[in-house]
Amino acid sequence: MALDFSLSVDQEAIADAFGAFFAAESPIDVVRGAEPLGYSPRLWQKLGSLEAPGMSVPPHAGGGGATLSDLVVVAEALGESIAPVPLVEHWVASRAYPTPEIVSGDQIAAIALRPADAEGIWRLVPGGAVAGVVVGVDGDELVAVHSSAPMVSPRNHGSAPLADRSARGGQRVVLGEAADLDRYLDLWRVLTAAALVGIAERAMRMGVDYVLERHQFGRPIGSFQSIQHGLADLPALVDGGRFLAHKAAWAFDAGLVDGAGVIDMDEGNITEFAPLAAMALVHAADAAAVSTDRSLHYHGGYGFSLEYDIQLYFRRARGWANIIGDLSLQRRRLADLLWGRAEATAGR
Amino acid sequence: MDFRLTEQHEALRSEIRACIDAHIDDEVIERAHRTGANHCVELAKALGDSGLLAQAMPGEGQDPMAMWMLSSEAEKAGAPFDSVGMALVIAGVLNEAGTAAQNQRVTAALLAGEEFVCFGLTEPDGGSDLPAITTRAVRDGDEWVINGSKMWTTMAQVSDWVFLLTRTDSNAGRYGGFTVFIIPMDTPGITIDPIHTMSTERSNATFYDDVRVGDEWVVGEANEGWRVVSIMFGFERGMANTGALTPLLARFGKWAEASGVIADPVHRERMAQVAIDAQVAELLTQRTAWTAAVGEPSGTEGSIAKVFATEAYQRHARWAQAAAGPEGLLGLNEPGAATDGWIDHDVRHSVPQTFQGGTTEINRNNIAERHLNLPRAR
Ligand SMILES: Cc1cc2nc3c(=O)[nH]c(=O)nc-3n(C[C@H](O)[C@H](O)[C@H](O)COP(=O)(O)OP(=O)(O)OC[C@H]3O[C@@H](n4cnc5c(N)ncnc54)[C@H](O)[C@@H]3O)c2cc1C
C-alpha cells in the first residue's frame, strides 16, 4: 500500500466503458429530451442491460459487489454527461433494500434524504418522481415503502425527478432504526460528490473549448488574461473534489468507519469515512457551482440561452447538491464530526 | 487510488518528527522570529547527521515524498526550516546539473546541514519577468567578472553560498544567454543590505561589484542557465509551503475551545471550510509529489497546488484574525494574544506566499497555457 493518485487498471476499464456508454447513449439531446422530468426510461433500460443498477449491492444479495471507489468512477462519468437517470439514489437505496426487482433495475428505488414530516410525507425526494420504492426515515424507523411512481415532478432548477412521497401509504417494510440512515446518506454524499465533480470537469472543458472558438476584438477570447485566470482556478477545485471523493471511498472500502479511522486535527490527518464524505460533498458542490458559473459567464449572453448546453450543467450543479439542504448546515455537521457537538448548537 | 503512506514512509515521518521535536522549542522559534532568519543551525545539522536531508533532496531517483514530509512536519511544528528547504532545492539542482567537484564541495555540505545557500534570481527590475534581469557576467581571461544587484536574496545573511543567475549573452533570445553560478558569499565584491518586512522574515538586497570567479563555479554550461533555473522551479513549486492551513486551524481550534467561540455556529461553519481546504491543499500537494515519484509530472501540478494552498491560507488567516477580535491583533507571545499571537503572524506571513516562488498570476498563466492549452495571454 502506498500513496497512489491513479485509477486501478480495473477502474480505468470501468471509466472507459461508462464514459463511452454515456457518450453514446446519453448525448445532450437525450438530456434535453428528458426534460422537464429529468428521466429517460430508455437510458435506464440500457443501464439495466449492463447490470449497472445492481452494482452497489453485494454479490450475496445478487448484486455486482462493486467497491465504493468503483462506483465513484461511474458516478463521475454520469455527472459528466448529466445523464437523466437516478442511478446514485438507486444505488444507495438498493444497499438498504436489495430486492431482486431493485437489483435488476426493473424497479427503481430512491432515497429520502430528509425524514418524513408530521403528515408522513417525504418531501422532494430525489428520484422520487420515477421510483416504485422509496427508502427513508419515518419516526424512529428506517423503512422502504412500495407505491406507484407519480412520473411527474414539480418544475425545478435542475430538472430532476423530484416528488413528495408518502412514508405510510403503500406496502411498508421496516429495515431498521432511524439512525441507520446516516451511513446511507454518507454513501449518497460521496457518490453525489463524484457526479458533481463530473459536472465541474465537463463545464470547465466546455468553457475552454468555447473561449478558444469565440473571437472578439479579432482574437480568441481565450487569449484574454482575465478569462484565462478565471478558468485557471478550476483545475484545483475539480481535482480536489475528485481526490476527496476517492479518499472517502477509499476509507469506506478499507473499513475506516464508525471510529476505525483517524480524526487528528493537530496533524491534519483525517482517514475516517464520515468526515471525508462530508468534505467531498461540500467541496464538490462548490467546485461544480464555481465551474459552471465561470464557464457560463465566459459564454457571454449565449450561455443564458436555452440553446447552449452550459445552462443545463449550471442548473444541475445547484439542483443535485442543494437537494440535501442548506450546504452551510452540511458544514456545521462536518464541524460536529471533527470537533464534537457544541452544546450551543446541539439544540438548533 | 490509495491514501495510505507506506510503513517506510510512516517510519520516516516519525523519524523526521522526532528530530524536529528534539531541536525545536519555544525559544528556538522565538529566536527565528526575533532575528528574522527562518533558520536553525542545530536542526539543520541534526537532519543532516541522520541522513534525512540526503533522503529528502529532490531529483531523479529520489523519493519526492520525503521532501514533502520534511516540509509539512516542519510547518506543523512551526520550525525554522526555510534555510534547510532552500539548501535541499539547490542540492538537488547541483546533483542534477553540477560538476563532481561542486557536488563534493557544496552539495555534501548542504546535505550535512552545515552550510547554507541563498537564491540570487530576482532583481529590482526583473521580478516575474525574470528573463529581464541585467546582472552580467563577462569573460576576462580564465575568469568571469560579475556586476549587478539582486533583490529579495532571502537568507543571504546566514548563507555560505549564493546561487546566482546572470546574463552572459544578451543576443541569444529570451531564454538564451543566461549562466548560473554557485559562488561563496565571502568572495570579494559581494555586499548585503537588509530588507525588513511587515512580517518577522528579513530579506536582503545583494550587490555584486567586480566579483571574480573561475569556471569551476559555473553550474551546467555557460549560456545554458535557463535550463538550470527551470530544474530549480520544478523542485520548488507546490511541494513545500502548502501546508500552513493545518497549524492555523489547529491553533485556532484550541483557542476557540478555550474561549468558547467554538460553540458559535457561524464560526463552526467556517472552521469546517478551513478543514476542507486544508485537506484539498494536502491532497494536491501529495499529488504533486506522487507525479514526480512516478515520473509523470506535467509541470502544472505544482502551480495548481501552490495557488490553491496559498490563496486559501491568506483568506482563512484573515478570517481567523477577524474572528478572534481584538486579541487576534496581538503579536507573537504577547500576553492575552489569541493563539499566542500566531494568528497575527499568519496574516503577515501569508502575504508573500502569493508571490514568493512565482506569483499567483504567473502560476495561473502557467496553468492556463500548459494545463488548459489556452494561447499565450496578451
Ligand atoms: C519574502 C520574499 C522572499 C523572497 N525570496 C526570494 C529569494 O530568496 N530569491 C529570489 O530570487 N527571489 C525571492 N523573492 C522574489 C519573488 O520571487 C518575487 O517577488 C516574485 O518573483 C515577483 O516579482 P516582483 O516582486 O518583482 O513583482 P512583479 O513581477 O513586479 O509583480 C507585481 C505584480 O504584477 C503581477 N504580474 C507581473 N507580471 C504579470 C503577468 N505577466 N500577468 C499578470 N500579472 C503579472 C504579479 O503577479 C504581481 O502581483 C522573494 C520575495 C518575497 C516577497
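Naming convention: chains lettered A, B, ... in sequence-line order (proteins, then strands); numbering from 1 in each chain. What you are looking at is a predicted structure, and each value in this text was computed from that prediction instead of being measured.
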Give the minimum heavy-atom separation between [X] and [Y], together with the two atoms involved.
X	Y	answer
Trp290(B)	Leu3(A)	CD1-O, 3.4 Å
Pro235(A)	Ile367(B)	CG-CG2, 3.9 Å
Pro375(B)	Gly222(A)	CD-O, 3.8 Å
Asp2(B)	Ala2(A)	CB-O, 3.2 Å

key: side chain to side chain contact (heavy atoms under 4.5 Å, CB included) partners of Pro64(B), counting only residues at least two apart   =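 Applying side chain to side chain contact (heavy atoms under 4.5 Å, CB included) to Pro64(B) gives Met239(B), Ala289(B), Ala292(B), Ala293(B).
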inquiry  = With a 4.0 Å cut-off on N to O distance, would you call Asp266(A) and Lys76(B) a salt bridge?
reply    =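 Judged by the 4.0 Å cut-off on N to carboxylate O distance, Asp266(A) and Lys76(B) do not form a salt bridge.
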SB check Glu269(B) Arg333(A) (cutoff 4.0 Å) =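 Salt bridge: no.
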Is chain B contacted by the side chain of [X], its backbone, both, or neither, given a heavy-atom distance below 4.5 Å?
X	answer
Leu276(A)	side chain
Leu338(A)	side chain
Gln330(A)	neither
Ala280(A)	neither
Asp233(A)	side chain
Leu337(A)	neither
Ser69(A)	neither

task = Among Arg251(B), Glu369(B), Gln286(B), Met65(B), single out the residue with the greatest number of heavy-atom pairs under 4.5 Å to chain A.
result =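 Answer, by heavy-atom pair count under 4.5 Å with chain A: Gln286(B).
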query = Among Leu245(B), Leu249(B), Thr360(B), which has the most heavy-atom pairs under 4.5 Å with chain A?
reply =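 Highest number of pairs under 4.5 Å: Leu249(B).
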To the nearest 0.5 Å, tell me how far [X] [atom1] sits from [Y] [atom2].
X	Y	atom1	atom2	result
His371(B)	Asp239(A)	NE2	CG	6.0 Å
Thr271(A)	Phe3(B)	OG1	CZ	12.0 Å
Asn269(A)	Leu5(B)	CG	CG	8.0 Å
Leu283(B)	His283(A)	CG	NE2	9.5 Å

task = With chain A as the partner chain, list the residues of residues 299-312 of chain B whose heavy atoms fall under 4.5 Å from it, by residue number, and write 'none' if nothing qualifies.
result =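 The residues closer than 4.5 Å to chain A, in numerical order, are Ile304(B), Val307(B), Phe308(B).
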task = Under 4.5 Å, heavy atom to heavy atom: which of residues 272-281 of chain B reach chain A? Give them by number, or say none.
result =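 Hits under 4.5 Å: Ala272(B), Gln273(B), Ala275(B), Ile276(B), Gln279(B), Val280(B).
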inquiry  = Run the ring pair (Phe, Tyr, Trp, His ring centres under 6.0 Å) test against His9(B) and tell me which residues pass, sequence neighbours left out.
reply    =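 Listed in chain order: nothing, the list is empty.
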request  = Report the C-alpha distance between Arg268(B) and Asp336(A) in whole Å, list the side-chain angles of each, state the deciding distance to 0.1 Å, and finish with yes or no for side-chain contact (heavy atoms from CB on, under 4.5 Å).
outcome  = CA-CA 8 Å; Arg268(B) 293 174 72 77; Asp336(A) 291 348; 2.7 Å; yes
task = In sequence, state the C-alpha distance, the side-chain angles, and the governing distance for Leu374(B) and Leu212(A), and then conclude on side-chain contact (heavy atoms from CB on, under 4.5 Å).
result = CA-CA 7 Å; Leu374(B) 293 171; Leu212(A) 283 171; 3.9 Å; yes
ask   = Under 3.5 Å, is there a donor-acceptor pair between the Asn365(B) and Gln228(A) side chains?
value =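 Note: Asn365(B) and Gln228(A) side chains miss the donor-acceptor criterion.
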Residue part contacting chain A, namely of Glu361(B), when any heavy atom lies under 4.5 Å =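 Backbone plus side chain of Glu361(B), per the 4.5 Å heavy-atom cut-off to chain A.
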query = For Arg370(B), is it the side chain, the backbone, both, or neither that has a heavy atom closer than 4.5 Å to a heavy atom of chain A?
reply =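 Neither part.
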query = How far apart are the C-alpha atoms of Met1(B) and Leu7(A), what are their side-chain angles, what is the distance that settles it, and do they pass the side-chain contact (heavy atoms from CB on, under 4.5 Å) test?
reply = CA-CA 6 Å; Met1(B) 296 190 195; Leu7(A) 297 181; 4.1 Å; yes
request  = Any chance you could lay out the side-chain contact (heavy atoms from CB on, under 4.5 Å) test for Trp339(A) and Met271(B), step after step, and finish with the verdict?
outcome  = CA-CA 10 Å; Trp339(A) 289 282; Met271(B) 287 168 69; 3.5 Å; yes
query = Near Asp326(A) CG, under 6.0 Å, is it more than 12 heavy atoms from other residues, nucleotides or ligands?
reply =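 More than 12 heavy atoms, drawn from other residues, nucleotides or ligands, come within 6.0 Å of this atom.
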